[in-house]
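Comments concern the structure below.
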Amino acid sequence: MIITSFVTGMGVYYAAAYNLIESIVAFAFMPVYAYSGATLMLVGQSYSKKEFVKLQRFPKISIKCCIGIFLTIAILFSFFSESVCGIITNDTTLIEFTKRILPVALGMQIFNIGNQIFKYCLQGVEREKWVFIYSTGISCVSCIIIYYFTTYTNLQLYGTYVGLGITYFLLGIGSYLKYRKVIKVYKK
């Protein structure tokens, strides 16, 4: 909601493009959410059975699969961005505006893959509270980062996605390090 208010302040076409891009990204990211949910279940089962090797293996497999699937979708959507946007809207000005930004928005989602997988892994090993606190803190910082990129760098909507990419990277790294620490302690 905060990001939407930043984007709305840029103008009507920016807001429309942002909403169009978010719809396309959400569709492209569906397999990642499916793998994340499956990983949560597998990690939770392995955690309860004290199967350390599986706790290490499942996130790696999920990330590799997600990267392969998502990159394929992102590349196809980027090459055929006009057609993909045309499924949702017939506004040619909006399509032309959006298709320049879509590859950047999709590219930044690569950082979200690790974030999603390790966030769900942490929930599978009963670290929901840590996920909530860490995500809240990074989200607050994210607002500042995105505000800076959209306002002071003149990157506008590109800045929004660069800021989101940085946010996903920070969330992913933090979640990975915490998960690694948890399973290291769990192994002992």
Exercise for review: Could you walk me through whether Cys85 and Ile24 pass side-chain contact (heavy atoms from CB on, under 4.5 Å), step by step?
Suggested key: CA-CA 8 Å; Cys85 292; Ile24 293 167; 3.8 Å; yes
Check your understanding: Hey, mind stepping through Ile183 and Gln56 against side-chain contact (heavy atoms from CB on, under 4.5 Å) and telling me if it holds?
Key -> CA-CA 8 Å; Ile183 63 171; Gln56 291 179 305; 3.6 Å; yes
Check your understanding: How far apart are the C-alpha atoms of Tyr13 and Asp91, what are their side-chain angles, what is the distance that settles it, and do they pass the side-chain contact (heavy atoms from CB on, under 4.5 Å) test?
Key -> CA-CA 11 Å; Tyr13 264 100; Asp91 185 332; 3.3 Å; yes
Exercise for review: Mind running side-chain contact (heavy atoms from CB on, under 4.5 Å) on Tyr161 and Leu106 for me, showing each step along the way?
Suggested key: CA-CA 9 Å; Tyr161 288 105; Leu106 289 167; over 6 Å; no
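The heavy-atom pair separating Ile113 from Val32 by the smallest distance is CG1-CG2, 4.0 Å.
In this structure, CD1 in Ile61 is found 9.0 Å from OG1 in Thr39, a value given to the nearest 0.5 Å. Atom-to-atom distance recorded for Phe97:CZ and Thr92:OG1 is 14.0 Å, nearest 0.5 angstrom.
When atom types are taken as modelled, the side chain of Ser48 and the backbone of Gln45 share a donor-acceptor pair closer than 3.5 angstrom. Remark: side-chain polar atoms of Thr150 are paired, donor with acceptor, to backbone N or O of Tyr147 under 3.5 angstrom.
Between Phe29 and Tyr33, the ring planes lie perpendicular to each other; the angle is over 60°, past the 30° to 60° tilted range.
When ring centroids are compared, Phe149 and Tyr158 stay outside the 6.0 Å threshold.
Residues meeting the ring-ring contact (aromatic ring centres under 6.0 Å, His included) test with Phe118, sequence neighbours left out: Tyr176, Tyr179.
For Tyr134, the OH atom counts as densely surrounded, since its 6.0 Å shell holds more than 12 non-hydrogen atoms of other residues, nucleotides or ligands.
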